[in-house]
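Down below is the structure, laid out as structure tokens.
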Protein chains: 2
Amino acid sequence: MATTGTDLSRMREMNQLSIVWALRGNPPSTVTELAGRAGLSRPAVDVLVQALVAEGWAEVQEPGAGSVVGRPARRYRFRADAGHVLGIDVGVHKVLAVLSDLEGNLVRTLRRPVDPEAPPAERLAEVDGVIDDVLRATGMTPDDVWAVTVGVTGPVDAAGRTSLSTPLPGWTEADPVAHLAARFSCPVRVENDCKLSAVAERWKGVAQDADDIVFLLAGLRTGAGLILDGTLRRGHGGAAGEIGALKAVRWLTAPDHLQTCPGIPDTAAPGEAAAWVFQAARDGDREAKGAVRRYTRDLAVGVAALVLTLDPQVVVYGGGFSRSADVVLEPLRRELTKHCLRLPELRASTLGDESVALGAVRLALDEVDDRLLGDRLSAPSAPRR
Amino acid sequence: MATTGTDLSRMREMNQLSIVWALRGNPPSTVTELAGRAGLSRPAVDVLVQALVAEGWAEVQEPGAGSVVGRPARRYRFRADAGHVLGIDVGVHKVLAVLSDLEGNLVRTLRRPVDPEAPPAERLAEVDGVIDDVLRATGMTPDDVWAVTVGVTGPVDAAGRTSLSTPLPGWTEADPVAHLAARFSCPVRVENDCKLSAVAERWKGVAQDADDIVFLLAGLRTGAGLILDGTLRRGHGGAAGEIGALKAVRWLTAPDHLQTCPGIPDTAAPGEAAAWVFQAARDGDREAKGAVRRYTRDLAVGVAALVLTLDPQVVVYGGGFSRSADVVLEPLRRELTKHCLRLPELRASTLGDESVALGAVRLALDEVDDRLLGDRLSAPSAPRR
DNA sequence: TGGATAATGCTGAGGAGTTTACTAACTCGG
DNA sequence: CCGAGTTAGTAAACTCCTCAGCATTATCCA
């Protein structure tokens, strides 16, 4: 791979970029601090940061009444509010939208319930609705949004289609990218929900320290998302992590053990049966503990296949069942010991049901970073597709 | 991640590096050609390339009797022979060493048979022997070797130890890195044989076009090596690809179908039984075809788990059985269709039994590139550990 | 032998960062 | 209330690197 040659203007671009990276994620900084972080001299940083202010990437904060010795320094701040990104979770029962600024600060989170049987058109209308609400509540227009990422269930191809399979009714025919492209001129991407949750766990969740992560989505459906060497792995056709499709792996039927456990009260809704069983197991109920053990045993085969294939540092147990991780993780660990060569750490997710939207935000931010702060600095405005 | 600031000398380094990349892998080039490739002006390239000659990275080739109009240009060449790397395959039955120059041209290949029961000390002595032979035959000293990579069977940890398991007798106690460090001051690395074969297939084999590859080592033992997004995946503890350890995956016993097929002549050695069965199947023998089908069925479960987990572009069928790929690939494809969502391409390896050593050479070359041509140019001499 | 052609070599211009020195602004203590 | 001490901002001189253009050199062909 031929590195391309460099002249003076290129050097300036690179240095300006390094100032941007030194600004971002830090509290408002003085020129001296930036010089230290970027490895440049004060005068150089001075002209660069002033250029950033002129372009709109940075902002001056005049010194207040400081109580430090010496002349108080002007501080510069990255304009995280110069643009925003949207992360959207299109679930079976709900649509969830999260608006974030360029530093990943969550500005607004809104959800709407959706009829599980709703056809794609209706579901997309709810998406439009929740986006409208978020934009109205924050006083923004679609042009203020620099990237949108949508999470859906099922393997997602490069075009954002879910043509192989998905539990969202009729969704194999839906084209969410085209739908959103009508309103947004910025990059729009669709990604699998397990993959997004995995990204979220590494960003703000329980796996921030790990570079090789298997995320388990455990609920009435079971799925997985993979992060290797710190980046999300999609696979060549976007179907990485779909080991649940293998019949020898009993992920499809594993949750049934929890639904059919004797003793579940008739009053429990279908979604609550599992929670009841977990609670009963926690209380020492023999039948419930057996059901959990059978569930874990089925789950463990697939997890073992993932672990043996990838040898991750951490396996994150997430999804709807993660609230009951306390009764699942220990039996799961025991099962895995039987199958695996090297046991990874098992951790329970704490992000709750916003993890998909959160991961979507992170991916949208990555998109913006690549486009605008990749290796040359663009003007601070929404990137085009 | 803070990109570090750049001053003029850094720029010069970068441009010099881009000249190196423009020189490598190309025939001897004129300054004008280099300027075009590197995106620099002729005068700039001129001084840079002269500096490279002074340092020993490049070499002038005075113009011969050319038949072109105009003043014939001086040509510059990358000194691929400034250093060499060693790739070594420590197998059960043999030790194989390949010496390569810095451009990946294979200079010398030597092999020695080893008693399958040989203890580690004896096996390492054979390694020493074959290295001595290669160095003597090429008139080199250990200081001319800039990196060594060794391939062994079994999962290899970061220290080059094979403590979990390996079919090499006693090898869990061996420390090949320490052994070779006594002779070589350059970086020494040990890696799993399947992983190295995967690297070789992408470098010079049948998967040069693919970025997501599953390599299958198919023989009396079955294993896998993974390349995702163009780079080898080791996993957090170096045990990626070891799905064969899962009992639900019948890789351990799959080859037995080929050993126990009725009709195998008593005269056949244990290693030749499988080859006989494949040939018989090719000739239309019912029993043999059944044995191959059973073998394929067992193999396919593990392959399907890999494919569903990783969604690769290509699955390469390699190892000792790859010569019989013609009778295996089609049944394997049929089996995979049953299990998988999206079928990857199936290709048969053509590299033969030198693929492990070849992959080792590639990894050693990568090591040299990282150390010497990473982002600043070092002097052309063996890197220290 | 002279002209055409293409590469080399040289010189001056321009841009970017660094160093150094100087000025400005603020705190603290007498 | 003022001056010493400290730190930030600014300007000038300098270095280094690339680039553009022109003169020079080497070769082939008529």
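This one's a predicted model, so the numbers in the text were calculated from it and none came from an experiment. Below, chain A is the first sequence line, B the second, and so on; all start at residue 1. FYI, side chains are in, hydrogens and waters are out, and symmetry mates aren't considered; it's all heavy atoms of this structure.
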Sugar-phosphate means primed atoms, P, OP1 and OP2; the rest is base. With that split, encode nucleotides 15-21 of chain C 5' to 3' as B, S or - using protein heavy atoms under 4.0 Å.
-> -SSSB--

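- Across the protein-nucleic acid pair, B/Arg74 atom CZ and D/dT24 atom C1' stand 14 Å apart, rounded to whole Å.
- B/Ala82 is linked by a side-chain contact (heavy atoms from CB on, under 4.5 Å) to B/Arg79, B/Leu102, B/Trp146, counting only residues two or more places apart in sequence or in another chain.
- In B/Arg42, the CZ atom is not crowded: 12 or fewer heavy atoms of neighbouring residues, nucleotides or ligands sit closer than 6.0 Å.
- Atom CD in A/Glu33 sits about 11 Å away from atom P in D/dG9, given to the nearest Å.
- Listed by first and then second residue, the salt bridge (charged side-chain N to carboxylate O under 4.0 Å, His left out) pairs that reach into residues 13-28 of chain A are A/Arg10-A/Glu13, A/Glu13-A/Arg376, A/Arg24-A/Asp369, sequence neighbours excluded.
- Among residue pairs with one or both ends in residues 136-148 of chain B, those qualifying as salt bridge (charged side-chain N to carboxylate O under 4.0 Å, His left out) are B/Asp133-B/Arg136; sequence neighbours excluded.
- Atom CZ in A/Arg75 sits about 15 Å away from atom C1' in D/dG9, given to the nearest Å.
- Partners of B/Arg384 by side-chain contact (heavy atoms from CB on, under 4.5 Å), not counting sequence neighbours, listed by chain and number: B/Ser185.
- Contacts of A/Thr32 with the nucleic acid, taken as non-hydrogen atoms under 4.0 Å apart, involve only primed sugar atoms and P, OP1 or OP2.
- A/Asp229 is linked by a side chain to side chain donor-acceptor pair (under 3.5 Å) to B/Arg233, counting only residues two or more places apart in sequence or in another chain.
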